[in-house]
*Asks:* 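What follows is a single structure, and I will ask about it in a moment.
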2 protein chains.
Amino acid sequence: MPIKNADQSAVIGLNAIIVAVTDEVPRILIVQRAAHSLATPAQRGEADSYEDSPVTLPFGPFDPSQHRTLELGLHKWVEQQTGLGLGYVEQLYTFADRHRDPREQAGGPRLVSVGYIALVRQVPLSGAGEAEWQNCYDFFPWEDWREGRPKVVDEIIRPKLQLWAKNIDEKNERESTQERLSIAFGTGTASWDFDRVLERYELLYEAGMIGEAIRDAKIRAAISGLSEPQVASEAIETAKFLGTTMALDNRRVLATAIGRVRGKLKYRPVVFDLLPSTFTLLNLQLVVEALGGVRLHKQNFRRLVVNGGLVEPTGQRDIQSRGRPAELFRFRREVLSERPVSGVGLPSLRTIG
Amino acid sequence: MPIKNADQSAVIGLNAIIVAVTDEVPRILIVQRAAHSLATPAQRGEADSYEDSPVTLPFGPFDPSQHRTLELGLHKWVEQQTGLGLGYVEQLYTFADRHRDPREQAGGPRLVSVGYIALVRQVPLSGAGEAEWQNCYDFFPWEDWREGRPKVVDEIIRPKLQLWAKNIDEKNERESTQERLSIAFGTGTASWDFDRVLERYELLYEAGMIGEAIRDAKIRAAISGLSEPQVASEAIETAKFLGTTMALDNRRVLATAIGRVRGKLKYRPVVFDLLPSTFTLLNLQLVVEALGGVRLHKQNFRRLVVNGGLVEPTGQRDIQSRGRPAELFRFRREVLSERPVSGVGLPSLRTIG
DNA sequence: ACAAATATGCTCAATATGAGTATATTTGTG
DNA sequence: CACAAATATACTCATATTGAGCATATTTGT
């Protein structure tokens, strides 16, 4: 039996979701971990006899004796690991569920981690860590609608989820699940809400469709001494279409982060922390589109940001390759004190290019 | 010298901000603590030789060995203490700054607390605790604009803050502070953004204008062995107009919560968790107004919620005292799956009755 | 000179919003 | 009972915002 942990203490860690947009791709910083060798003991647990994904979010322990605040601890550690200076930083969420790491059953200090989102401009990457940039949508292929509605949504996700929900025995639970499905993925005519990234991820997990769900089922079985659950090979095939699996609950954390950033875009001018100090309106639009996973109407986008006073022309023009050269703009900081709601709104549901 | 805390462990606590609206007053649950006797050892520290406010937010330790998730731990403990069943629950923020409790300087386990907001319908109050309801605006008199712009804003807050900011020596800091002031409190023509409760609180704290700031200055002086800082008696007078002081950083936590609820109102239908299952449109409007601290235009509010499909008529009417009886409505849950953004929008800046 | 590519400007209908006015249905009072 | 006071509900109207598209401008490359 594991050690009792009656003193209620816990280990606090920091998880950083560091976001940048380059080449119209939203990227996050991940760490490719050598298989079966987690960075910190706290992340390891005992039973290591199952395959886990080597892809993790950057994680660092928080040492209360060294840092006055969580945010300071984060800055320090990210700088050491990546050499990045962080721009906009926001606390995301505190994750402490026991099933975060299925190996950590009762007993043992609980790993509590506080997630932070940081938006950064550049991508130099230096420092002690082995961090690298990876396309967000590698983890959430169904979230990128810029080239139209992703095939995986209609061909795999919706039908399989609907089938799963229909077969839930208990009536109340079935109905509430079906309602959640229609909210998260839209039904027929209804719309796809780009913010609901976490809700979609959670449904896919509950339905056992993605890698983490299959992995966790195995682990739980191993821990309780049951025989390996038979996972239909079809399920394993399906999971391959549903993005890269991450370690522990890291993909859930990432889903939370993407949802948060998308929501924030609409009512606070956070995009500008991802851009250089001057930029063309196309640059700006492409970054918004990349994060939102949508195409926007160009002329209306321009109207929104220019007439809305979010940006102002610098008088200079971009040196470019084809077409009429675009004017360079800069962020108008004054807007912060003028308009309560000032974001570069993603559309409610419209997506036309 | 205090004990070193090199193992990075920390004590995790839960802070609950439990909100209900009754008689057009938004209320939160607080605990009146006997002076100088905090509920948990973790909250006490050593140096107790200064006056602190007896008003605290409900706080409970989180025991990882007993509860699978933070939220479950919260539910359990709130039920024991108050007998309340929680409706909507949302994680607010994780607070871990060292200066949360100025007594806890270097060393000693850090108290990290995870704040949760819960919206509840009823106010019976039973159970083991000595919790009671208190008007939110007792703590933030400047946030309630329902009877027009509060006098304290123009007579005390704005002039004193402006004076304070003007006297900041360092140029960059002065300018950025002045910008923050104008964002948070509006300047002249500019608007008051009802969401920015935390930003306003923080500026008042930094300017040393509210009770907590005065208290913390004393404590810091006592700890570093300096003589009691001389606080102008005028400052103490001022603080009296700026709401009830709370223990530790609890008022900061509360400010975060109120800002969050106000923001949420606009784009998610959370109000309905504060209302009985059927209600008149006036009931609904009064609750929104109470939380938002604004008056809304009645006819337009009706149009918004009825035409927007947020509510549907039940066919029954209210039994009432004066005037034409109002129809009873209920929340239309379907709206969740229909419209991505469905809240009962507070106005951007308009406030007319 | 002209096609291709891009930027920028403008129009127009559909909705949404702010601010009223008008009407309806109650209770309480003389 | 008539009528004032109080409240609910319906409608109007000007203005602002949004979605969608067409038209024009300024480049580069052939």
Side-chain angles (χ1 to χ4, degrees), chain A residues 24 191 194 266-267 278-286 288-289 292 294-329 335 338-353, chain B residues 24 191 194 266-267 278-286 288-289 292 294-329 335 338-353:
Chain A
E24 308 176 31
S191 59
F194 287 91
K266 289 185 203 145
Y267 61 97
T278 68
F279 45 81
T280 68
L281 294 183
L282 183 60
N283 293 154
L284 177 61
Q285 183 174 349
L286 288 172
V288 173
E289 290 178 341
V294 219
R295 285 264 166 255
L296 301 171
H297 184 284
K298 189 171 179 176
Q299 297 92 316
N300 290 348
F301 181 81
R302 157 181 289 267
R303 180 176 60 188
L304 178 75
V305 297
V306 177
N307 297 359
L310 275 156
V311 297
E312 62 190 356
T314 62
Q316 292 177 299
R317 10 208 87 248
D318 191 30
I319 36 95
Q320 91 308 339
S321 41
R322 320 266 294 112
R324 174 173 170 176
E327 181 149 25
L328 288 170
F329 287 78
V335 79
E338 292 166 3
R339 298 202 318 161
V341 171
S342 51
V344 289
L346 298 174
S348 324
L349 65 157
R350 218 49 69 90
T351 62
I352 273 298
Chain B
E24 308 175 34
S191 58
F194 288 92
K266 290 186 202 142
Y267 62 100
T278 69
F279 44 82
T280 68
L281 295 184
L282 182 60
N283 293 155
L284 176 60
Q285 181 174 349
L286 288 173
V288 173
E289 290 178 340
V294 219
R295 284 267 166 252
L296 302 171
H297 183 285
K298 189 171 180 175
Q299 298 92 317
N300 291 346
F301 182 81
R302 157 180 288 267
R303 179 176 63 189
L304 179 75
V305 297
V306 176
N307 298 359
L310 274 156
V311 297
E312 62 191 355
T314 62
Q316 293 177 298
R317 11 208 87 247
D318 191 32
I319 34 94
Q320 90 307 339
S321 41
R322 317 270 291 115
R324 174 172 170 178
E327 180 149 24
L328 287 170
F329 286 77
V335 78
E338 292 167 2
R339 298 201 316 163
V341 171
S342 50
V344 289
L346 299 175
S348 324
L349 66 157
R350 218 49 71 88
T351 63
I352 272 297

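Computation of the quantities below employed the complete heavy-atom set of this structure, encompassing side-chain atoms and omitting hydrogens, waters and symmetry-equivalent molecules. Per chain, numbering begins at 1; letters A, B, ... match sequence-line order.
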*Asks:* How many Å lie between CZ on R303(B) and P on dT21(C), as a whole number?
*Replies:* 15 Å
*Asks:* Could you pull out all residues at least two apart from R324(B) that satisfy side-chain contact (heavy atoms from CB on, under 4.5 Å)?
*Replies:* none
*Asks:* As a test of your reading of the structure, name each stem of DNA chain D as range with range, where a stem is three or more consecutive Watson-Crick or G-U pairs at under 3.5 Å.
*Replies:* C:1-30 with D:1-30
*Asks:* If you find the nucleotide of DNA chain C closest to N300(A) and the one closest to N300(B), which residue's nucleotide is nearer the 5' end?
*Replies:* N300(A)
*Asks:* Between C1' on dA20(D) and NZ on K298(A), what's the gap in Å once rounded to a whole number?
*Replies:* 16 Å
*Asks:* For E327(A) and T314(A), work out which heavy atoms get closest and say how close.
*Replies:* OE2-N, 4.2 Å
*Asks:* Using whole Å, report how far CG of D318(A) lies from P of dA7(C).
*Replies:* 9 Å
*Asks:* Taking side-chain hydrogen bond (donor to acceptor under 3.5 Å, both in side chains) as the definition, give me every residue that meets it alongside E312(B), ordered by chain and number, with sequence neighbours left out.
*Replies:* R330(B)
*Asks:* Quick one: L281(A) CG to dG9(C) P, roughly how many Å, whole number?
*Replies:* 10 Å
*Asks:* How many whole angstroms separate atom CZ of F301(B) from atom C1' of dT7(D)?
*Replies:* 16 Å
*Asks:* Any donor and acceptor pair, going by atom type alone, linking the side chain of N283(A) with main-chain N or O of T280(A) inside 3.5 Å?
*Replies:* yes
*Asks:* Mind checking what makes ring pair (Phe, Tyr, Trp, His ring centres under 6.0 Å) contact with F279(B), not counting sequence neighbours?
*Replies:* F272(B)
*Asks:* Can you tell me how far C1' of dA10(D) sits from CG of N307(B), to the nearest Å?
*Replies:* 11 Å
*Asks:* Counting the atoms with a prime plus P, OP1 and OP2 as sugar-phosphate, which does E327(B) contact under 4.0 Å by heavy atoms, base, sugar-phosphate, or nothing?
*Replies:* sugar-phosphate
*Asks:* Out of dC10(C), dA20(D), dT7(D), which has the shortest distance to the side chain of Q299(A)?
*Replies:* dC10(C)
*Asks:* May I have the distance from H297(B) (atom NE2) to dA8(D) (atom C1'), rounded to whole angstrom?
*Replies:* 14 Å
*Asks:* Who pairs with Q285(A) by side-chain hydrogen bond (donor to acceptor under 3.5 Å, both in side chains), at least two apart in sequence or on another chain?
*Replies:* E289(A)
*Asks:* What string of B, S and - do you get for nucleotides 25-30 of chain D 5' to 3' if you count protein non-hydrogen atoms under 4.0 Å?
*Replies:* BBBBS-
*Asks:* Suppose we screen for side-chain hydrogen bond (donor to acceptor under 3.5 Å, both in side chains). Which residues come up paired with Q316(A), at least two apart in sequence or across chains?
*Replies:* none
*Asks:* Using side-chain hydrogen bond (donor to acceptor under 3.5 Å, both in side chains) as the criterion, list what pairs up with D318(B), not counting sequence neighbours.
*Replies:* none
*Asks:* At under 4.0 Å, does any side-chain N or O of R302(B) touch on OP1 or OP2 of dA10(D)?
*Replies:* yes
*Asks:* F279(B) has an atom CZ; how far is it from atom P of dA8(D), in whole Å?
*Replies:* 14 Å
*Asks:* For R322(B), give me all partners under side-chain contact (heavy atoms from CB on, under 4.5 Å), at least two apart in sequence or on another chain.
*Replies:* none
